[in-house]
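Keep in mind it's a predicted model, so treat the numbers as computed, not measured.
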Amino acid sequence: FISFQESGEVHGVEVELRCKDGSTLPVSFDGRVSRDSRQGIIRAHCILHDIRDRKQAEQALKHKTFQQERLIETVHSLTESLDLQQVLERIGQGIKDILAAEGCTLYQLEAGGHALIPLVSFDDYASEILLEPLEVDRSLTGQAVKTRRGIIFNQAFQEASGHYIPGTPADQDERVIVAPLVADDQVLGALCLNRLGALFTEQDLALVETFAASAALPTFTFHSYFA
């Protein structure tokens, strides 16, 4: 505000106001001062513009840009290795970072189609997850495999068909999102992510399905080659 007093006029200065409830309000500030014959300030005319919507739109755009950059980076990295394990690790880490997930696990559907075998897991409880195959008929991940489509479980704790992995926490606000790995009309496995708090959206599901498709093709190629 010193520059405001000196120049006598400001436009589009962005500041945050502290509200009575402790929250902050982003505003754009326009101001002009009136002076007397001795250049003393008589009064100030100020207009504050609420810019919350604009700030939210800017934040959403930044997040969208980050998602797109991370997606491109991950897709490009897939061409750098012919090792299936490395490819799946890059896919899993990539989508986990984009969605700010707590964990991400890629599963392979076993030959009989009754169980999902964990191949790669990025999670604080990865060692427990990798030791626990999932029954297709008794797990949320299995539901996506059976229906051959991505599914969001924003109330995962309340799902009767959920499978508890021993040694992992049972969080009531856990969200789960799953997409099947499908190639050449065959279901090969599933990509499963979980996080706490923030609900998964249809936009998130579209991203997960894109990454699942990226994982399905090298998986299908690998198994076709070594079959």
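Inter-residue side-chain proximity for R43 and H45 is flagged as met; some heavy-atom pair is nearer than 4.5 Å. Side-chain contact between L191 and L193 is present, with at least one heavy-atom pair separated by less than 4.5 Å.
Once rounded to the nearest 0.5 Å, the distance linking CZ of R175 with CD of E102 reads 11.5 Å. Between atom NZ of residue K55 and atom CG of residue D50 there is a gap of 12.0 Å, rounded to the nearest 0.5 Å. L99 contributes atom CG, which lies 10.0 Å from atom CG of L205 (distance to the nearest 0.5 angstrom). Here the straight-line distance linking atom CZ of F200 with atom CG of L207 works out to 11.0 Å at 0.5 Å rounding. The CD1 atom of I152 sits 6.0 Å away from the OG1 atom of T201 when rounded to the nearest 0.5 Å.
Side-chain polar atoms of H49 and D30 form a donor-acceptor pair below 3.5 angstrom. Judged purely by distance below 3.5 Å, without hydrogens or angles, the side chains of D21 and S23 pair a donor atom with an acceptor atom.
Side chain of D36 to main chain of R38: a donor-acceptor pair is present (N/O by atom type, distance under 3.5 Å, no hydrogens or angles). With R195 contributing its side chain and A198 its backbone, the two residues share a donor-acceptor pair below 3.5 Å. In this structure, the side chain of R52 does not engage the main chain of Q56 through any donor-acceptor pair within 3.5 Å. Between the side chain of E135 and the main chain of D137, no donor-acceptor pair closer than 3.5 Å is present.
Closest heavy-atom contact between V208 and A179: CG1-CB, 3.7 Å. Between V136 and G113, the closest heavy-atom pair is CG2-O, 3.6 Å. Between R138 and H163, the shortest heavy-atom distance links the atoms O-CB, 3.4 Å.
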Should T168 and E128 be marked as a side-chain contact (heavy atoms from CB on, under 4.5 Å) after you check the CA-CA gap, both sets of side-chain angles, and the distance that decides it? CA-CA 7 Å; T168 63; E128 288 82 2; 4.2 Å; yes
In sequence, state the C-alpha distance, the side-chain angles, and the governing distance for V145 and L109, and then conclude on side-chain contact (heavy atoms from CB on, under 4.5 Å). CA-CA 9 Å; V145 169; L109 185 63; 4.2 Å; yes
